[in-house]
Amino acid sequence: MQKITPYLWFDSNLKEITDYYLSVFPEATLHTNGTLSDTPSGEVELATLTIFGQELNLMTAGPMFKFTEAISFMIHCDTQEEIDYYWEKLSAVPDAEQCGWCKDKYGLSWQVAPTALEEMLACGDKKKVASVTQAFLKMKKFHISLLEEAFNNPQ
């Protein structure tokens, strides 16, 4: 068991929600204490999803709280294909897209970022870091080739 587990509160329809995340993350597993239903707002249901080894507790209990960008989940991607896949599956609010951040149809914020970006920003070369930063500030979805271009040819 994890020492700390995020607990996510949704309005209703826990079966629909878990089915969605299971379709986005095919390696995810679902743990429940029974059969999930598409409960109306206000009905309490609980489930646990394990995604990439990270447990997430999910609850439906009515529209008392909404997600904000203050909490997000980062997906580290090794390839552009991976970024494109998660972006297509998760981004449902175009107005919320910026610098690799997107919001899914339930209002949960995600950061879909290339693992190479962390290495670029930690390289210690201020000119390269500034160039990469300027490049990604113009992006909604990250494009690895453009970040590499900025890194290898700083302005």
Side-chain angles (χ1 to χ4, degrees), residues 1-122 129 132-147 150:
M1 175 179 278
Q2 294 174 171
K3 193 84 162 168
I4 296 175
T5 302
Y7 218 101
L8 306 174
W9 182 317
F10 296 87
D11 181 13
S12 60
N13 301 321
L14 191 57
K15 181 175 183 345
E16 174 188 308
I17 293 164
T18 56
D19 286 349
Y20 170 69
Y21 290 122
L22 288 168
S23 75
V24 172
F25 303 99
E27 74 292 333
T29 56
L30 174 65
H31 314 278
T32 66
N33 288 331
T35 303
L36 296 178
S37 63
D38 285 328
T39 58
S41 184
E43 297 290 322
V44 177
E45 280 196 298
L46 303 169
T48 300
L49 275 177
T50 303
I51 302 173
F52 297 122
Q54 172 69 51
E55 282 188 6
L56 302 170
N57 288 333
L58 284 64
M59 174 175 75
T60 54
M64 296 175 66
F65 305 104
K66 298 292 181 199
F67 297 119
T68 73
E69 292 79 3
I71 300 292
S72 64
F73 292 96
M74 180 176 271
I75 303 171
H76 300 274
C77 299
D78 293 327
T79 66
Q80 188 65 47
E81 291 78 21
E82 219 180 344
I83 290 171
D84 294 344
Y85 170 83
Y86 287 114
W87 197 265
E88 178 187 329
K89 296 289 187 181
L90 294 170
S91 184
V93 184
D95 293 344
E97 297 173 353
Q98 186 61 42
C99 300
W101 290 59
C102 65
K103 193 177 285 191
D104 71 26
K105 64 184 181 178
Y106 298 105
L108 194 58
S109 291
W110 296 87
Q111 296 180 59
V112 182
T115 53
L117 180 60
E118 289 183 31
E119 297 166 10
M120 290 178 198
L121 295 175
V129 170
V132 169
T133 301
Q134 287 306 306
F136 79 65
L137 287 175
K138 298 173 189 170
M139 297 179 188
K140 289 187 174 216
K141 176 178 72 172
F142 282 128
H143 295 276
I144 295 173
S145 62
L146 297 176
L147 294 171

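The analysis underlying the following values was restricted to heavy atoms, covering all of them including side chains, and did not include hydrogens, waters or symmetry mates.
Contacts of Glu88 classified as side-chain contact (heavy atoms from CB on, under 4.5 Å), with partners at least two apart in sequence or in another chain: none. Looking at residues two or more places apart in sequence or on another chain, you find a side-chain contact (heavy atoms from CB on, under 4.5 Å) between Ala92 and Lys105. Remark: Phe65 pairs with Trp9 by the ring-ring contact (aromatic ring centres under 6.0 Å, His included) rule, at least two apart or across chains. For Glu82, there are no salt bridge (charged side-chain N to carboxylate O under 4.0 Å, His left out) partners, not counting sequence neighbours. Applying the side chain to side chain donor-acceptor pair (under 3.5 Å) test to Trp87 and every residue at least two apart in sequence or in another chain returns nothing. When the side chain to side chain donor-acceptor pair (under 3.5 Å) test is applied to Glu55, no partner is found at least two apart in sequence or on another chain. Applying the side chain to side chain donor-acceptor pair (under 3.5 Å) rule to Lys89 yields no partners; only residues at least two apart in sequence or on another chain are considered. For Asp19, the side-chain contact (heavy atoms from CB on, under 4.5 Å) test picks out Lys15, with sequence neighbours left out. Applying the side chain to side chain donor-acceptor pair (under 3.5 Å) criterion to Thr18, with sequence neighbours excluded, gives no partner residue.
Put simply, the residue from Trp110, Trp101, Phe67 that forms a side chain to side chain contact (heavy atoms under 4.5 Å, CB included) with Ser72 is Trp101.
Note on residues 59-71: pairs passing salt bridge (charged side-chain N to carboxylate O under 4.0 Å, His left out), not counting sequence neighbours, are Glu69-Lys103.
Checking side-chain atoms of Gln111 against main-chain N and O of His76 turns up no donor-acceptor pair under 3.5 Å.
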Could you go through residues 23-32 and list every donor-acceptor pair under 3.5 Å that involves a side-chain atom there, pairing it with any protein atom two or more places apart or in another chain?
{"from": "Ser23", "atom 1": "OG", "to": "Tyr20", "atom 2": "O", "distance (Å)": "2.6"}
{"from": "Thr29", "atom 1": "OG1", "to": "His31", "atom 2": "NE2", "distance (Å)": "3.2"}
{"from": "His31", "atom 1": "NE2", "to": "Thr50", "atom 2": "OG1", "distance (Å)": "3.3"}
{"from": "Thr32", "atom 1": "OG1", "to": "Gly34", "atom 2": "N", "distance (Å)": "3.4"}
{"from": "Thr32", "atom 1": "OG1", "to": "Gly34", "atom 2": "O", "distance (Å)": "2.5"}

Less than 3.5 Å apart, which donor and acceptor atoms pair up between the side chains of residues 132-141 and the rest of the protein, not counting sequence neighbours?
{"from": "Thr133", "atom 1": "OG1", "to": "Val129", "atom 2": "O", "distance (Å)": "2.8"}
{"from": "Lys141", "atom 1": "NZ", "to": "Asp84", "atom 2": "OD1", "distance (Å)": "2.9"}

Item to check | Chi angles and distances behind the side chain to side chain contact (heavy atoms under 4.5 Å, CB included) call for Phe73, Asp104 | outcome: CA-CA 11 Å; Phe73 292 96; Asp104 71 26; over 6 Å; no

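Counting heavy atoms from C-beta on, the side chains of Val112 and Tyr85 never come closer than 4.5 Å.
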